[in-house]
Protein chains: 2
Amino acid sequence: MTLTASESRGTISSEELVVWRMLQRAQVRITRLLEADLLVEHDLALASYDVLTQLSESPDRRLRMNDLAERVLLSRSGLTRLIDRLQRDGLVEREACTSDARGLFAVLTDAGALRLAEATPTYLRGIRDRFLDVLDGDELRQCASMLTKLFPEAE
Amino acid sequence: MTLTASESRGTISSEELVVWRMLQRAQVRITRLLEADLLVEHDLALASYDVLTQLSESPDRRLRMNDLAERVLLSRSGLTRLIDRLQRDGLVEREACTSDARGLFAVLTDAGALRLAEATPTYLRGIRDRFLDVLDGDELRQCASMLTKLFPEAE
DNA sequence: ATTGTGTAGATGCGCGTGCAACGTCCTAAG
DNA sequence: CTTAGGACGTTGCACGCGCATCTACACAAT
């Protein structure tokens with residue numbers, strides 16, 4: 001694929017548009033495969049996996065609902081229901097926040113940590129096979145630098 | 001960001017994992033902004049826009065339901081309902097397929113083409129501002145080459 | 001203390017989606 | 001011609017999500 005240098009703004013070449021479309025398709029496709037793996041092997045949706053991961057990486061395995069919602073790209077109400085389900089399955093618990101009576105912590109349980117540990121190899125293998133292994137080290141570095149430009153808010 | 005060369009398979013460095021996470025977040029974020037633009041300015045969901053685009057680029061502005069579903073990454077039933085809505089709004093019509101009585105064409109109407117033409121500047125501007133303009137020509141080329149490796153099935 | 005403004009999280013509701021099942025139609029094997 | 005197996009599109013159903021709204025609480029100004 002050759003990109004004509006229409007870097008002067010105002011118009012978009014069809015090749016540029018195709019890059020965006022391919023990005024969309026690749027991302028959706030990989031994500032769906034990943035989620036299918038987790039669902040089949042561990043009965044865990046991708047959003048649930050993300051929640052467990054975020055909690056496991058947080059101090060005391062806990063996070064305020066609001067913070068957690070932001071990190072997993074969910075609305076507050078969406079996270080409320082997701083935590084409902086995870087709590088029903090015993091993977092997460094709700095705990096009051098002493099310093100702010102409005103606040104709640106979502107806390108990872110031992111069962112949740114175990115479930116996460118079981119699922120993580122599946123997750124990592126999926127990403128490795130479908131993403132990391134397909135690119136070489138240079139490409140990965142380029143990818144990282146592009147992403148920091150595209151998404152400066154990232155940690 | 002520095003990536004250690006753990007290109008030998010089997011393990012994944014945390015830096016590599018972060019690249020994937022950033023990709024997820026960037027893609028979701030840009031897509032949501034894009035969809036919000038289309039929704040606010042043209043009352044058009046992204047999936048609807050994609051359908052109209054695919055139809056407009058197809059011979060005789062028509063596509064079999066099945067083909068269309070694949071192109072817009074929707075299940076058959078999902079596309080059935082989406083076409084229902086678009087037909088209700090007069091942007092698309094269903095037409096029987098003479099050579100195969102099982103088949104149906106989704107056909108772009110004049111109103112649909114007009115609506116697409118109205119919405120396209122919004123769409124292009126969104127992609128330009130949030131994606132294309134952020135990267136330079138070299139980066140876009142690299143991106144394209146990575147994507148063809150990640151998603152070989154693309155046209 | 002009181003009042004007003006803002007924030008945290010939960011809930012009612014509607015929407016869009018996928019899966020499984022169904023009817024219809026095609027096609028190849030006998 | 002008949003029949004079996006598959007393909008195409010639609011429908012019933014349940015699920016997950018976001019928006020608007022609500023309650024409870026925090027904090028600052030008076």
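Residue numbers start from 1 in every chain, and the chains themselves are labelled A, B, ... in the order their sequence lines are given, proteins ahead of strands. Note that these values count all heavy atoms, side chains included, but never hydrogens, waters or copies made by symmetry. Note that the coordinates shown come from a computational prediction; the quantities given were computed from them, not determined experimentally.
Put simply, A/Arg76 has a side-chain N or O that comes within less than 4.0 Å of OP1 or OP2 on C/dA8. Of the side-chain N and O atoms in A/Arg94, one or more sit less than 4.0 angstrom from OP1 or OP2 of C/dA10. One finds a side-chain N or O of B/Arg85 lying less than 4.0 angstrom from the OP1 or OP2 phosphate oxygen of C/dT17.
Between B/Leu82 atom CG and C/dC15 atom P there is a gap of 15 Å when expressed in whole angstrom units. A straight line from CG of A/Leu46 to C1' of D/dC17 spans 15 Å, rounded to a whole angstrom. For A/Arg102 and C/dA10, the CZ to P distance is 14 Å, given to the nearest whole Å. To the nearest angstrom, C1' of D/dC15 lies 13 Å from CG of A/Asp43. Taking atom CE on B/Met65 and atom C1' on C/dC25, their separation rounds to 17 Å, with Å as the unit.
Judged by the 6.0 Å and 45° rule, A/Arg62 forms a cation-pi pair with A/Phe105.
Of the candidate nucleotides C/dG9, C/dG18, D/dC17, C/dG18 has the atom nearest to the side chain of B/Ser75.
Residue A/Arg81 places a side-chain atom within donor-acceptor reach of the base of D/dG18, judged by atom type and a 3.5 Å distance cut-off alone. Side-chain atoms of B/Ser77 come within donor-acceptor range of the base of C/dC19, with a qualifying N/O pair under 3.5 Å.
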